[in-house]
Amino acid sequence: MKQRVTHSSAELAIFGGDLDFREPLHVGRPNLGSREAFLARINDMLDRDWLTNNGPFVREFEQRIADMVGVKHCVAMCNATIALEIVTRALELTGEVIVPSFTFIATAHALQWQQITPVFCDIDPRTHTIDPARVEELITPRTTGIIGVHTWGHPCDVEALTEIARRRGLTLMFDAAHAFGCTHQGQPIGRFGAAEVFSFHATKFFNSLEGGAVMTNDDDLAAKMRLMKNFGFAGPDNVVYIGTNGKMTEVSAAMGLTSLESLEAFRQTNRGNYEAYRRHLQSVAGLRLMEYDDRESNNFQYIILEVDESACGLSRDQLQKVLQAENVLARRYFHPGCHRMEPYRSYYPHAHLLLPATESVSSRVLVLPTGTSIGSDDIETICQIIATAIAHADAVKAQLATTPEIAIEDALSSAPAHPIRGEL
Ligand code: T4K
């Protein structure tokens with residue numbers, strides 16, 4: 001980071017000023033635990049000659065997660081997308097399933113992959129989670145289930161969804177990819193609905209390199225998913241069910257167990273980062289930093305900024321370009337909404353008419369970097385860039401109009417040429 005404070009618009013990189021960050025700041029840099037502990041586990045694994053297929057690290061990982069969440073079963077898998085596919089199949093969802101469009105594409109694809117139609121529901125613009133008031137009007141004779149997504153770790157309105165599912169005879173489950181370590185009304189997320197799915201992808205607050213898990217208290221469901229994630233094998237030479245390969249490897253479980261040992265440190269770092277962003281941005285007009293509920297446990301893994309163009313003079317996309325020019329690779333999750341991506345936009349070209357809150361939120365949200373790889377100085381600088389750009393909105397707009405489009409995909413897809421900061 002360059003040692004200066006950005007005060008005047010001329011110092012912004014879009015006007016030719018020096019870049020604020022020499023190396024890109026990504027959203028989704030992994031939080032890394034102890035390198036020694038991880039490597040010791042890898043050595044154990046190699047000594048044991050047991051690399052995958054329900055090895056001792058996977059079993060230990062499942063037990064630790066189930067105990068933490070307080071459910072009977074944690075079924076670990078290779079990632080959350082496969083976990084969603086397996087659990088929806090094991091729950092025998094068919095026909096139509098109601099999901100928010102404001103989610104990562106995996107929630108919808110896991111259904112469509114199995115010829116189940118995702119029916120896109122609008123969100124509550126305040127919480128960014130599925131709006132129960134809109135769910136009921138989407139139910140048809142073909143509807144079999146509802147998948148709520150605890151977006152950014154904020155719990156869905158679990159009670160309202162449970163009541164609708166009960167009354168209409170539907171299966172309710174949750175995509176809890178963002179919500180490991182979070183609670184709803186003091187209860188750990190992972191305990192709600194028929195099942196909940198966590199993601200432990202590298203970019204998540206807690207990672208197992210790649211990984212996911214289904215949490216459930218249903219013995220039969222857990223047994224079925226264990227068969228399904230292992231080709232349907234009930235024993236050697238005995239396939240009793242249609243299955244796939246959804247197994248978590250020992251390397252992933254070793255990383256997961258190592259990450260677990262630093263969970264509270266990651267949470268504290270994320271919390272500190274969130275509070276720093278809040279402090280620095282609170283007086284900037286036209287921005288809303290999404291709050292975390294102090295009464296609940298949170299993982300603080302996403303810093304969600306909503307940009308109100310009419311109040312701050314810049315659109316979300318313009319602000320993203322200003323940051324990108326400084327090497328701050330803020331993201332537009334979940335833009336433009338699943339309903340505007342293929343195959344859904346071809347199947348349902350008018351879906352946006354029923355999704356006004358999704359349309360509006362997905363045009364306003366900017367996700368900022370956090371996690372163990374950035375420090376409080378970095379956050380102060382990011383916030384100064386934002387405040388400076390907004391203070392000089394007209395000039396920034398005019399300058400951006402003359403600047404050639406920056407290829408953000410190129411910046412995002414390049415792996416770092418330098419060691420990532422962090423412990424591991
Ligand atoms: N449901 C929901 C609601 C989800 O948000 C997700 C995933 C899923 C289901 C499915 O879970 P998994 O099947 O993945 O377990 C990222 C993540 O890949 C994805 O897991 C996550 N949600 C989504 C919100 O974000 P992309 O395609 O936007 O970004 P990606 O993976 O290219 O990484 C983002 C940035 O992180 C990169 O610009 C650089 C940085 N990065 C990434 C990796 C992998 C690193 O610095 N180091 C790394 O090792 O999806």
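Both ligands and their constituent atoms are indexed starting at 1 by order of listing. One is the number of the first residue; the rest follow in order along the sequence.
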Distance-only donor-acceptor check, side chains His184 and Arg191, under 3.5 Å: no
Close approach of Gly211 to ligand 1, heavy atoms, under 4.0 angstrom: yes
Atom indices of ligand 1 within 4.0 angstrom of Thr81 heavy atoms, with elements: 10 (C), 12 (P), 13 (O)
Mutual orientation of the aromatic rings belonging to Phe104 and Phe334 [parallel < 30°, tilted 30-60°, perpendicular > 60°]: tilted
Ligand 1 atoms in contact with Arg331 (distance to a heavy atom under 4.0 Å): 28 (O), 29 (O), 34 (C), 38 (O)
Enumerated ligand 1 atoms positioned under 4.0 Å from heavy atoms of Thr107: 1 (N)
Side chains of Glu196 and His150, donor plus acceptor under 3.5 Å: yes
Mutual orientation of the aromatic rings belonging to His178 and Trp152 [parallel < 30°, tilted 30-60°, perpendicular > 60°]: parallel
Distance-only donor-acceptor check, side chains Ser376 and Glu380, under 3.5 Å: no
Proximal ligand 1 atoms for Ser199, defined as those under 4.0 Å from one of its heavy atoms: 11 (O), 12 (P), 15 (O)
Polar atom proximity, Tyr302 to ligand 1 (N or O, under 3.5 Å): no
Per atom 35 (C) of ligand 1, closest listed option by heavy atom (Val27, Leu32, Thr203, Leu25): Val27
Atoms of ligand 1 close to Thr103 [distance to a heavy atom under 4.0 angstrom, numbered from 1]: 3 (C)
Glu210 near ligand 1 by a heavy-atom separation under 4.0 Å: no
Any side-chain heavy-atom pair of Leu329 and Val27 under 4.5 Å: no
Closest to atom 1 (N) of ligand 1 among Asp175, Val149, Asn79, Leu329 (heavy-atom distance): Asp175
Residues Arg64, Leu260; criterion side chain to side chain contact (heavy atoms under 4.5 Å, CB included); working and verdict: CA-CA 9 Å; Arg64 301 248 347 243; Leu260 267 186; 3.8 Å; yes
Pairs involving residues 52-61, ordered by first then second residue, that meet side-chain hydrogen bond (donor to acceptor under 3.5 Å, both in side chains) (sequence neighbours left out): Asn53-Lys247
Of the listed options His178, Arg332, His201, closest to atom 18 (O) of ligand 1 (non-hydrogen atoms): His201
Ring geometry between Phe192 and Phe174 (parallel below 30°, tilted from 30 to 60°, perpendicular above 60°): perpendicular
Option of least heavy-atom distance to atom 21 (C) of ligand 1 (set: His26, Arg29, Lys204): Lys204
Atoms in ligand 1 flagged as close to Pro30, the criterion being non-hydrogen separation under 4.0 Å: 45 (C), 46 (O), 47 (N), 48 (C), 49 (O)
Distance-only polar pair, side chains of His73 and Asp219, donor-acceptor under 3.5 Å: yes
Test of proximity, Ala177 against ligand 1: N or O pairs below 3.5 Å: no
Proximity of Ile82 to ligand 1 by residue part, where a heavy atom lies under 4.0 Å: neither
Region of Tyr333 engaging ligand 1 - heavy atom pairs below 4.0 Å: side chain
4.0 Å heavy-atom contact, Gly212 with ligand 1: no
Ligand 1 atoms in contact with Ala106 (distance to a heavy atom under 4.0 Å): 8 (C), 9 (C), 10 (C)
Set of residues satisfying salt bridge (charged side-chain N to carboxylate O under 4.0 Å, His left out) with respect to Arg142, sequence neighbours excluded: Glu96
